[in-house]
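For clarity, every value in this text was computed on a predicted model and none was experimentally measured. Just follow the structure's listing: the first ligand is 1, and inside any ligand the first atom is 1. Residues take their numbers from the sequence shown, with the count starting at 1.
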Amino acid sequence: MAAGIDDIAIYIPRLYIDAADFAKARGLDPVKLQKGLGVSQMAIVDANQDPACLAANACLRIMQKNKLSPEDIGRLYVSTESAFDESKAMNSYVIGMLEQVYGQGAFEHCGGVETKFACVSGSYALYDNTNWIRAGEAEGKHALVVVSDIAKYDMGSSGEMTQGAGSVVMLLNDKPRLLAFDPKVTATSIKDEYDFYRPFGKETPIVHGQYSNLLYMIQVRKALEAYKKKVISTGLIKIEPGETILDHMDYIHMHLPYSNMGKKALAYLVRHEWRQLPRWKRILQEIGVEEPRPKDPRGTIESVLADEEFMAKDHEFTKLFTKTQEYQEVYESKLSSSLIASSMIGNLYTASLYLGFRSSLEYEFQKGIDLESKRVGFGSYGSGSSAMVFSGVIQPEYKEIVKDMNLEAEIGDRKKLTWEEYEELHENKLLPEESMVHSKKEFVLVNVNTDKESRGERR
Ligand code: CAA
């Protein structure tokens with residue numbers, strides 16, 4: 001039975017901080033943000049928004065657009081790493097808000113949980129719900145998987161320049177118009193790690209930035225190796241001599257904590273795959289320098305990062321590699337369109353991979369490319385840490401959905417924050433009634449109780 005993504009909707013807060021203003025206030029070179037990280041603007045939540053409100057707004061959009069009633073929805077999963085309750089699941093908050101529109105008890109038989117594994121949890125939720133459909137448990141109903149996050153880092157930290165916020169919801173069913181997932185090839189990699197984590201009661205994470213970058217690439221590569229074995233053993237893909245698994249993916253979407261992380265990760269995977277091929281000799285000749293090796297090739301991530309000579313040489317080598325024509329073709333055709341939304345909106349943690357998918361659909365379609373039957377590979381990563389690699393095929397009906405996509409219109413009119421406004425919002429100094437954007441047609445927080453039995457109120 002086919003199962004996959006039938007439609008996709010987004011909700012992005014309309015406030016943003018501009019990368020140039022951010023760089024000026026923090027005394028940074030704006031080129032570091034714009035070119036080094038690929039960050040142009042970062043969406044920031046208003047004083048009356050939390051991740052549950054963002055998720056509910058995205059859900060309402062997809063339900064209204066597809067004229068779905070609550071009885072059509074068998075499952076509603078929310079994946080987030082911005083959870084604000086240690087026990088009560090975020091999908092219950094979302095259902096609470098949706099029932100203000102559809103009536104009390106309207107979602108009574110809609111199952112679901114909140115899933116957590118940093119940025120990869122949405123991919124696990126998609127996988128589980130796809131299998132719920134494949135198992136015949138859905139009985140004609142749809143599943144909603146919502147990925148919703150506020151990526152917020154400490155003031156003045158290196159992560160602060162990679163913030164953002166937003167929600168993406170995917171409607172899953174057995175007749176998906178957008179993308180059918182390839183069965184029995186989803187692969188994972190997992191290891192107990194502390195690259196990025198948020199202990200109880202802390203609003204912002206503890207991050208080991210460069211460690212997390214390298215771990216992300218290693219974990220995705222391991223998951224790709226496992227995926228490769230599965231596609232070969234199931235007969236889904238035949239890899240001919242001289243080819244790599246990446247040749248069989250028309251598009252490759254990576255987790256995007258900032259848009260250039262996608263570029264870095266793709267270059268890492270391509271380098272790893274091409275190293276085994278005859279073409280590598282030619283590429284090395286074109287680059288003109290030897291590929292560097294760490295002093296201790298079997299060492300830990302810490303020892304590799306501490307090997308300053310290797311890190312500097314490897315940085316230089318990667319730069320030259322990404323300039324080769326062969327790599328440029330891969331980058332332009334398989335990844336580049338997925339980065340556009342990320343650079344306008346910033347980090348969406350769980351949602352950033354799927355915003356990338358959404359971005360690629362819109363901008364590739366605008367180029368006039370026929371997307372039918374194209375295979376899309378996904379490289380998902382969550383700190384702590386786990387990676388997931390899986391794939392799907394774009395379905396013949398995709399145009400019905402993609403022709404109406406318009407990222408800027410879906411975000412709506414945006415307001416650029418002054419530095420003072422940004423600081424006030426970041427430090428939670430404003431009450432919900434002091435919000436900067438007013439909309440009567442959206443779910444918002446109307447009240448936050450600061451006492452220990454806080455429930456908050458959303459409308
Ligand atoms: N002009 C042009 N480019 C410049 C520049 C300048 N003046 N200064 C620096 N750059 C380039 C650097 O060369 C570098 O490019 P490469 O990646 O190609 O090497 C890039 O800009 C970033 O510079 P640094 O690496 O020096 O930046 P940093 O160390 O200050 O911070 C960061 C980068 C570590 C990612 C930091 O933003 C951070 O800690 N972010 C949060 C953690 C994170 O996002 N990790 C990603 C993987 S984990 C994950 O994905 C889970 C998740 O969602 C959080």
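- Note on ring orientation: taking the six-membered ring where Trp is involved, the planes of Phe378 and Phe390 are parallel (angle under 30°, cut-offs 30° and 60°).
- Of the listed residues (Tyr211, Tyr349, Tyr216), just one forms a ring pair (Phe, Tyr, Trp, His ring centres under 6.0 Å) with Phe196, and that residue is Tyr349.
- Summarising the local packing, NZ of Lys116 is surrounded by 12 or fewer heavy atoms from other residues, nucleotides or ligands at distances under 6.0 Å.
- In this structure, Tyr327 and Phe321 have tilted ring planes: the angle between them lies in the 30° to 60° band.
- Tyr381 and Asp195 share a donor-acceptor pair across their side chains, judged by distance under 3.5 Å alone.
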Atom pairs, nitrogen or oxygen, ligand 1 to protein, under 3.5 angstrom:
from, atom 1, to, atom 2, distance (Å)
ligand 1, 7 (N), Asp29, OD2, 2.9
ligand 1, 17 (O), Lys264, NZ, 2.7
ligand 1, 19 (O), His315, NE2, 2.5
ligand 1, 25 (O), Gln210, NE2, 2.9
ligand 1, 27 (O), Lys32, NZ, 3.3
ligand 1, 29 (O), Gln210, NE2, 2.8
ligand 1, 30 (O), Lys32, NZ, 2.8
ligand 1, 37 (O), Ser158, O, 2.9
ligand 1, 39 (O), Ser158, OG, 3.1
ligand 1, 45 (N), Ser212, OG, 2.8
ligand 1, 50 (O), His255, NE2, 3.0
ligand 1, 53 (O), His255, NE2, 2.9

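- Taking the charged nitrogens against the carboxylate oxygens, Glu225 and Lys229 have no contact shorter than 4.0 Å, which rules out a salt bridge.
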